[in-house]
Amino acid sequence: MFSLANKIALITGGGSGIGFAIATSMIEAGAKVVITGRRENALQEAVASLGENAYYVVNDVTALQHLEGLVAHIENNIGEIDILVNNAGINMKKPALEVTDEEFNRIIHTNLNAVFALTRTCASRMTARKRGVILMISSMAAYYGIDRVPAYSASKHGVEGLVKALAMDFSPHNVRINAIAPGFIETAMMQTAMSSDPARMNKALDRTPMGYFGKPEDIGLAAVFLASEGAKYITGASLPVDGGNSIGF
Ligand code: NDP
């Protein structure tokens with residue numbers, strides 16, 4: 001029921017952090033995965049450790065004009081994409097009044113515009129085939145207010161809105177779309193946001209009832225579930241995987 005045997009998953013930003021953990025879990029569940037990112041050496045290392053069911057393509061999701069070619073390349077050379085995981089994302093921590101329009105646009109372009117463009121490209125093929133699963137990676141920043149991340153918060157709220165809107169468009173075609181909202185997960189991104197800011201780190205931990213930060217594999221396991229037949233009646237949802245952070249006092 002939770003097997004991903006014979007499935008092909010495209011995972012953006014799969015060379016590190018949460019994306020790499022999703023790739024690991026999906027391979028363990030039987031899938032083939034294609035990971036993307038901008039740094040070829042990171043992707044090569046990732047594929048070497050993921051094994052024979054992993055492939056990589058160097059791709060910058062923000063170059064929207066290349067996304068159609070990316071999907072065509074994968075489908076022509078590896079196979080039809082059954083699962084899309086929109087994981088690639090960037091963050092920037094800066095007081096809101098100091099954020100320039102350029103910085104704001106850069107985050108929105110990566111975390112929201114590119115996510116929609118790649119989703120549309122994959123979904124046009126999935127809806128024609130009448131099967132497919134799409135996962136978004138949201139954030140606690142879409143659940144409650146966090147200071148100094150205005151663009152990131154706006155982008156993740158946008159992703160949550162897309163999940164609901166696109167579930168309406170895609171459901172008649174047997175394509176499901178859901179979000180995972182990770183809590184505070186130990187990756188390079190979290191390290192950057194927290195290492196110089198112990199007050200923020202303690203605040204995040206204090207409101208996490210389980211009392212510790214998550215590991216990337218916690219997100220990988222949830223991604224397998226949502227991509228599997230075990231979640232066949234779940235669409236348009238956002239699943240917090242956060243040790244209770246989103247409901248913590
Ligand atoms: P990392 O910084 O560890 O990984 C981000 C990945 O995205 C990298 O592999 C990077 O590869 C890739 N990436 C970034 N920009 C692009 C781009 N333009 N094109 C293609 N790939 C890109 O972060 P995490 O693993 O922590 O984050 C993954 C997702 O999880 C993000 O969407 C993030 O917002 C979300 N998240 C993380 C949380 C956490 O606590 N860690 C909490 C909530 C959400 P490369 O640099 O080679 O391009």
Side-chain angles (χ1 to χ4, degrees), residues 10-25 33-47 49-50 54 56-67 70 84-93 105-119 135-144 146 149 151-160 162-163 179-195 197 200-201 203-205 207-208 212-220 222-223 238-243 245-246:
L10 166 57
I11 304 166
T12 64
S16 64
I18 288 174
F20 179 75
I22 294 173
T24 305
S25 294
V33 307
V34 184
I35 59 173
T36 69
R38 295 163 299 181
R39 291 165 298 141
E40 183 159 23
N41 57 342
L43 294 169
Q44 278 169 340
E45 273 177 36
V47 162
S49 93
L50 289 167
Y56 76 84
V57 182
V58 178
N59 176 265
D60 181 339
V61 286
T62 64
L64 306 188
Q65 71 279 15
H66 293 150
L67 296 178
L70 167 72
L84 166 66
V85 185
N86 286 299
N87 164 77
I90 55 171
N91 196 359
M92 185 189 63
K93 198 176 77 181
N105 282 335
R106 188 171 61 89
I107 307 271
I108 295 286
H109 192 62
T110 304
N111 292 6
L112 185 58
N113 297 350
V115 166
F116 176 68
L118 183 59
T119 298
L135 297 180
M136 308 293 207
I137 305 299
S138 178
S139 167
M140 289 300 108
Y143 279 34
Y144 55 76
I146 304 182
V149 287
Y152 184 79
S153 297
S155 72
K156 296 298 186 180
H157 276 82
V159 159
E160 294 270 346
L162 272 183
V163 165
I180 294 173
F184 292 86
I185 309 294
E186 288 171 350
T187 68
M189 181 185 282
M190 195 186 95
Q191 188 69 22
T192 309
M194 299 290 199
S195 57
D197 196 344
R200 198 178 189 81
M201 195 169 87
K203 198 166 179 176
L205 209 48
R207 64 168 292 170
T208 303
Y212 56 91
F213 292 128
K215 298 268 185 272
E217 75 154 18
D218 296 322
I219 310 304
S238 176
L239 176 67
V241 180
D242 65 347
N245 180 274
S246 56

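Numbering of ligands and ligand atoms starts at 1, following listing order. Since this is a predicted model, take the numbers as computed values, not measurements.
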Test side chain to side chain contact (heavy atoms under 4.5 Å, CB included), reference I35, set T12, N87, V47, output is V47
Would you say NZ of K203 has more than 12 non-hydrogen atoms from neighbouring residues, nucleotides or ligands within 6.0 angstrom?
no
Nearest non-hydrogen protein atom to atom 16 (C) of ligand 1, with distance, is R38 NE, 3.5 Å
| Does the side chain of N111 come under 3.5 Å of the side chain of S155 through a donor N or O and an acceptor N or O? | yes
For this session: May I ask you to check whether N245 and T208 show a side-chain donor-acceptor distance below 3.5 Å?
Result: yes
Any heavy atom of L43 under 4.0 Å from ligand 1? The part involved is neither
- prompt: Do other residues, nucleotides or ligands put more than 12 heavy atoms under 6.0 Å from Y144 OH?
  reply: yes
for atom 19 (N) of ligand 1, nearest protein heavy atom and its distance come out as V61 N, 2.9 Å
Contact region, S138 to ligand 1, non-hydrogen atoms below 4.0 Å, reads backbone
Among non-hydrogen protein atoms, atom 13 (N) of ligand 1 lies closest to A88 CB, 3.8 Å
Does even one non-hydrogen atom of I137 get within less than 4.0 Å of ligand 1? yes
Within the 4.0 Å heavy-atom cut-off, what M140 brings close to ligand 1 is neither
Of all protein heavy atoms, the one nearest atom 25 (O) of ligand 1 is I18 N, 2.8 Å
For atom 18 (N) of ligand 1, the closest protein heavy atom turns out to be D60 OD1, 2.9 Å
